[in-house]
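Worksheet for the structure shown next.
Values below: all heavy atoms of this structure, side chains included; hydrogens, waters and symmetry mates excluded. Heads up: numbering here begins at 1 and tracks the sequence. Everything numeric in this text was worked out from a predicted model, so none of it was measured.
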Amino acid sequence: MDEFNRLKADPDAHRRGYALEQLLVQAFRKAHFKVEHNSGAASPRQTDLTATYGTDRYLIEAKWDSDPLNTSHIDDMRLARLGRTEGTVVGVIFSVNGFRDSAIHEVAARRERSVLLFGEVELEQILADPLELVRLLRIKRDELVVHGRAHLATSETTRRAKPRDSKDLPGTGVSLLDSRHHQVPYVTAGGEFGRFTFAQTVADIDWGFGVGFGVALDLPIRINDAEGIVELLYEMHRMGWVTDQPRWNIQQAQVNWHGVGARSFVETLRDWQSRTEALADPHHSEEVTYYDVCAGGFVTLTANLAAHDSRSVLHCNVSFQLAGVPLDANPIKHLYERFNVMGAPHFRSLNDRAVERYWPPRDDAVPLEVVGFIAERHAPGLDMECCDWVTGVAAKNPYLRRAAIPAPPDWPDHLSDSELLVCDLRSHHPLGEPRSSYHLYGWELARTSDALVVRIVVDW
């Protein structure tokens, strides 16, 4: 990148162009392409570069003209160069000063020979991280072949013109209720930062297997703003990784919002001004932890984003914990290619069981002060009328850091500042038949690289 920035001040266009070719040769080789400089692939016309990656072959031109490239440059690549090669070869044009609209339209309109375009933003991205080349080339080729669009990033990552409707995501049959059984969109509780979320079930990736443990995969993703998180969640839904009962937690420095369902998560994420306007001194950022089960395990999404109008995302990570490396990794591969994933992710073996369980002696069960309920509408038996059943409760945290009761040695420290616990009820009961008391009997934990998933188990 330093060399590229230095070249911007060089007034000699020919020298800049040749140096750009050298930078691209280095970048493609670092990305494990086989590269030939000044290739005769389109003989008798000289070509800046040819690059091969597996069975994919690319004919590459690098341009540092004073003006954006026009349709004549596209025609030159398609007719004079690609026309002299085999039909499977793909053309690639790098232009520091970009492309005119007419050139972009020409690429999309005439797709009998694919030409992929890279502007300055993507060029800088590749020079900073050459391993991005494979992903970007595949994205551009898919956009052109499948959707008939010339993919070209602007100064910001391409985003949808219209935000997605939250109804594009699954709803949930779970209701959050206050102490009077009035429905609320989320459970509001005093708390601090610390990436965790409560869950009604923690997927045990080690259940039913013999020797060995599961695997983990992290996808750190560059995302611009909160709508980018929504787009990521939508794509996860397309891959089958969003159910009707994910759990989530959005955290400010003094308050946490706990909820159920992808649709309500999106709506709450977008409603940040209403959530924070009553806070005396809201923090300039908030953290998000989202958990859901998926085939073979579970997935968490964590993010840190600005709590002001920009809603810019400072960090975003998708973390999978699976029973093993999936034989069909195409859904994960699609997510990697669809979004701006940093680095080259790898599956990593876990060195212990994924789920930790703590069951204190039954006589040590702690009574809880319940302030809300989690209800689902279903009929437990064929001969019983359909009604709302309590499947969980929200209760005051008996082990709050300021509370009189000392926390057990194995109590997760993430929960020490959480005013409330959102708990799973082991024995369900009809909403209209309240129980006189509820007790905390145990808890289960699962950790990803940057999040904690907690199931608090209570009974009556």
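Listed by first and then second residue, the salt bridge (charged side-chain N to carboxylate O under 4.0 Å, His left out) pairs involving residues 242-269 amount to none (not counting sequence neighbours). Residues in residues 297-319 take part in these ring-ring contact (aromatic ring centres under 6.0 Å, His included) pairs, two or more places apart or across chains: Tyr291-Phe298. Listed by first then second residue, pairs satisfying salt bridge (charged side-chain N to carboxylate O under 4.0 Å, His left out) with a partner in residues 297-311 read Glu286-Arg311, not counting sequence neighbours. For residues 332-353, there are no ring-ring contact (aromatic ring centres under 6.0 Å, His included) pairs, not counting sequence neighbours.
Ring geometry for Tyr53 against Phe33 counts as tilted: the plane angle lies between 30° and 60°, on a 0 to 90° scale.
A donor-acceptor pair is defined here as one N or O able to donate and one able to accept, closer than 3.5 Å; such a pair exists between the side chain of Asp48 and the backbone of Ala62. A donor-acceptor pair under 3.5 Å is formed between the side chain of Gln200 and the backbone N or O of Thr391. Here the side chain of Arg84 pairs a donor or acceptor atom with the backbone of Ala80 at under 3.5 angstrom. Asp165 places no side-chain N or O within 3.5 Å of a backbone atom of Asp168 that could act as its donor or acceptor partner. In terms of modelled atom types and a separation under 3.5 Å, the side chain of His147 and the main chain of Arg149 share no donor-acceptor contact. Trp248 contributes a side-chain N or O that, together with a main-chain N or O of Gly261, makes up a donor-acceptor pair within less than 3.5 Å. Ser274 places no side-chain N or O within donor-acceptor distance of the main-chain N or O of Asp271, the cut-off being under 3.5 Å. The main-chain N or O of Thr52 is never found under 3.5 Å from a side-chain atom of Lys34 such that the two would form a donor-acceptor pair. Here the side chain of Arg135 pairs no donor or acceptor atom with the backbone of Glu132 at under 3.5 angstrom. Using modelled atom types, one side-chain atom of Arg78 and one backbone atom of Arg110 make a donor-acceptor pair closer than 3.5 Å.
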- Carefully, step by step, assess Glu227 and Arg164 under the rule salt bridge (charged side-chain N to carboxylate O under 4.0 Å, His left out). CA-CA 8 Å; Glu227 288 307 313; Arg164 288 199 181 275; over 6 Å; no
- Check against side chain to side chain contact (heavy atoms under 4.5 Å, CB included), Thr172 and Thr243: CA-CA 9 Å; Thr172 181; Thr243 69; over 6 Å; no
- When you look at Phe198 and Trp443, which way does the ring pair (Phe, Tyr, Trp, His ring centres under 6.0 Å) test go after all the steps? CA-CA 10 Å; Phe198 296 109; Trp443 56 92; over 10 Å; no
- Between Ile74 and Ile93, is a side chain to side chain contact (heavy atoms under 4.5 Å, CB included) present by the stated rule, with each step listed? CA-CA 8 Å; Ile74 307 302; Ile93 303 177; 3.9 Å; yes
- Query: Which is it for Asn70 and Ser72 under the side-chain hydrogen bond (donor to acceptor under 3.5 Å, both in side chains) test, yes or no, and what are the steps along the way?
  - Reply: CA-CA 6 Å; Asn70 55 38; Ser72 64; 2.4 Å; yes
- Task: Start with the C-alpha gap between Asp450 and Thr302, add the side-chain angles, then the distance that decides, and say whether side-chain hydrogen bond (donor to acceptor under 3.5 Å, both in side chains) holds.
- Result: CA-CA 7 Å; Asp450 59 357; Thr302 58; 2.7 Å; yes
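For the atom pair CG (Leu269) and CG (Leu305), the distance works out to 6.0 Å, reported to the nearest 0.5 Å. If you take OG1 on Thr88 and CG on Asp56, they are separated by 9.0 Å, rounding to the nearest 0.5 Å. In this structure, CG on Leu127 lies 12.0 Å from CD on Glu122, to the nearest 0.5 angstrom. Separation of atoms CZ (Phe213) and CG (Asn351) is listed at 7.5 Å; rounding is to 0.5 Å.
For Gly212 against Asp206, the heavy-atom pair with the smallest separation is O-OD1, 4.4 Å. The two atoms that bring Arg113 and Leu82 nearest to each other are NH1-O, 2.9 Å, heavy atoms only. Scanning both residues, Ser166 and Arg270, for their nearest heavy atoms gives N-NH1, 4.0 Å. Contact detail for Val242 and Ala262: the closest heavy-atom pair is CG1-CB, 3.6 Å. Looking at every heavy atom in both residues, Leu144 comes nearest to Ala108 through CD1-CA, 4.1 Å.
Counting only heavy atoms from C-beta outward, the side chains of Phe196 and Glu287 never approach each other to under 4.5 Å. When side chains are defined from C-beta on, Glu21 counts as touching His37, because their heavy atoms get closer than 4.5 Å. The side-chain heavy atoms of Ile205 and Leu322, taken from C-beta on, include no pair separated by under 4.5 Å. Residues Val313 and Asn224 form no side-chain contact, since every pair of their non-hydrogen atoms from C-beta on lies 4.5 Å or further apart. Proximity of His258 to Asn256: side-chain heavy atoms (C-beta onward) are separated by under 4.5 Å at one or more points. The shortest side-chain heavy-atom distance between Ile374 and Val422 falls under the 4.5 Å cut-off. Looking only at side-chain heavy atoms (C-beta outward), Leu23 and Leu7 come within less than 4.5 Å of each other. Side-chain contact between Glu106 and Asp75 is present, with at least one heavy-atom pair separated by less than 4.5 Å.
The environment of CG in Asp12 is crowded: more than 12 heavy-atom neighbours from other residues, nucleotides or ligands sit within 6.0 Å. Other residues, nucleotides and ligands contribute at most 12 non-hydrogen atoms within 6.0 Å of the CD atom of Glu86.
Between Phe320 and Trp241, a ring centre-to-centre spacing shorter than 6.0 Å is recorded. No close placement of the Phe99 and His73 rings is indicated, their centers lying 6.0 Å or farther apart.
Under 3.5 Å, the side chains of Ser312 and Asp225 contain no donor-acceptor pair of N or O atoms.
For Tyr234, the ring pair (Phe, Tyr, Trp, His ring centres under 6.0 Å) criterion is met by no residue, not counting sequence neighbours. Applying the side-chain hydrogen bond (donor to acceptor under 3.5 Å, both in side chains) rule to Thr300 yields the partners Thr448; only residues at least two apart in sequence or on another chain are considered.
A cation-pi arrangement, defined by a distance under 6.0 Å to the six-membered ring centre and an angle within 45 degrees of its axis, is absent between Lys63 and Phe94.
For the pair Arg6 and Glu3, the salt-bridge criterion is met [side-chain N within less than 4.0 Å of a carboxylate O]. Under a 4.0 Å N-O distance rule, the pair Asp218/Arg348 qualifies as a salt bridge.
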